[in-house]
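These notes are about the structure you will find just below.
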Amino acid sequence: METITHSAVLGRFGHALSDPKRARILLTLRDAPAYPSELADALGISRQNLSNNLACLRGCGLVIAVPEGRRTRYELADAKIGHALADLLQVVLAVDPQYCASAADEGCC
């Protein structure tokens, strides 16, 4: 099994969270495993878009696909990912819109 550095783990997590759709997928899977059709409907995104984002999340090692007969269920690869997401949601950020362009776009300031 491949051993990766702490910075690589954080880089994968950061890449996954850098896209709002992938972040929403992770937050949804934090609550419970789901099938792609359910995820696409719940998040209001196309199945193709969802498939691309799930592939990215699988590549980052954050979600796994669990075959169930002719269907595939997706879930977080490790329960600790759900705990990490919960912890991140509790962090209070002091955003300076002068240096963070997305802050103004998000209505954070």
Side-chain angles (χ1 to χ4, degrees):
M1 181 163 193
E2 176 188 357
T3 301
I4 59 175
T5 64
H6 289 142
S7 60
V9 169
L10 291 177
R12 289 178 180 196
F13 214 111
H15 176 72
L17 293 177
S18 70
D19 181 89
K21 289 177 185 165
R22 288 193 299 265
R24 290 175 56 213
I25 292 168
L26 288 171
L27 290 171
T28 300
L29 292 177
R30 177 182 69 144
D31 296 333
Y35 298 99
S37 59
E38 296 169 349
L39 283 169
D41 292 344
L43 300 173
I45 59 177
S46 72
R47 292 183 187 195
Q48 180 62 45
N49 190 289
L50 176 76
S51 177
N52 292 339
N53 283 294
L54 284 171
C56 177
L57 292 170
R58 286 178 68 189
C60 288
L62 299 175
V63 302
I64 57 172
V66 180
E68 289 186 341
R70 297 173 65 183
R71 299 178 74 189
T72 301
R73 184 186 77 234
Y74 284 84
E75 59 188 51
L76 296 179
D78 188 314
K80 292 176 188 162
I81 295 168
H83 298 296
L85 290 168
D87 288 345
L88 285 171
L89 290 171
Q90 298 302 312
V91 172
V92 176
L93 300 176
V95 178
D96 186 340
Q98 178 179 349
Y99 298 103
C100 183
S102 65
D105 297 337
E106 301 277 329
C108 297
C109 39

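All residue numbers in this chain count up from 1 along the given sequence. Quick note: numbers below take in every heavy atom, side chains included, and nothing from hydrogens, waters or symmetry partners. What you are looking at is a predicted structure, and each value in this text was computed from that prediction instead of being measured.
The shortest heavy-atom contact between G59 and R12 is O-NH1, 4.3 Å. Residues P36 and L50 share a closest heavy-atom pair of O-CD2, 3.0 Å. For the residue pair R30 and L85, the shortest heavy atom distance occurs at CD-CB, 4.1 Å. Minimum interatomic distance between L26 and L76 (heavy atoms only, all atoms of both residues): CD2-CD2, 3.8 Å.
For the atom pair K21 NZ and I45 CD1, the distance stands at 6.0 Å (nearest 0.5 Å). With rounding to the nearest 0.5 angstrom, the CG atom of N52 is 8.0 Å from the OG atom of S46. For the atom pair CG (L54) and OH (Y74), the distance works out to 5.5 Å, reported to the nearest 0.5 Å.
Contact check for V91 versus D87: no side-chain heavy atoms found under the 4.5 Å cut-off. Between L89 and L27 there is a side-chain heavy-atom pair separated by less than 4.5 Å. Within the 4.5 Å cutoff, the side chain of V63 has no heavy atoms near those of the I81 side chain. Here the side chains of Y35 and D41 are not in contact, with every heavy-atom distance at 4.5 Å or above. A heavy-atom distance below 4.5 Å is found between the side chains of L17 and L88.
V66 shares a hydrophobic cluster with I64; the chain of contacts runs through ILVMFWY side chains whose heavy atoms sit under 4.5 Å apart.
Here the side chain of S18 pairs a donor or acceptor atom with the backbone of H15 at under 3.5 angstrom. Checked by atom type and distance alone, the side chain of T28 pairs as donor or acceptor with a backbone atom of R24 at under 3.5 Å. Using modelled atom types, one side-chain atom of R22 and one backbone atom of A16 make a donor-acceptor pair closer than 3.5 Å.
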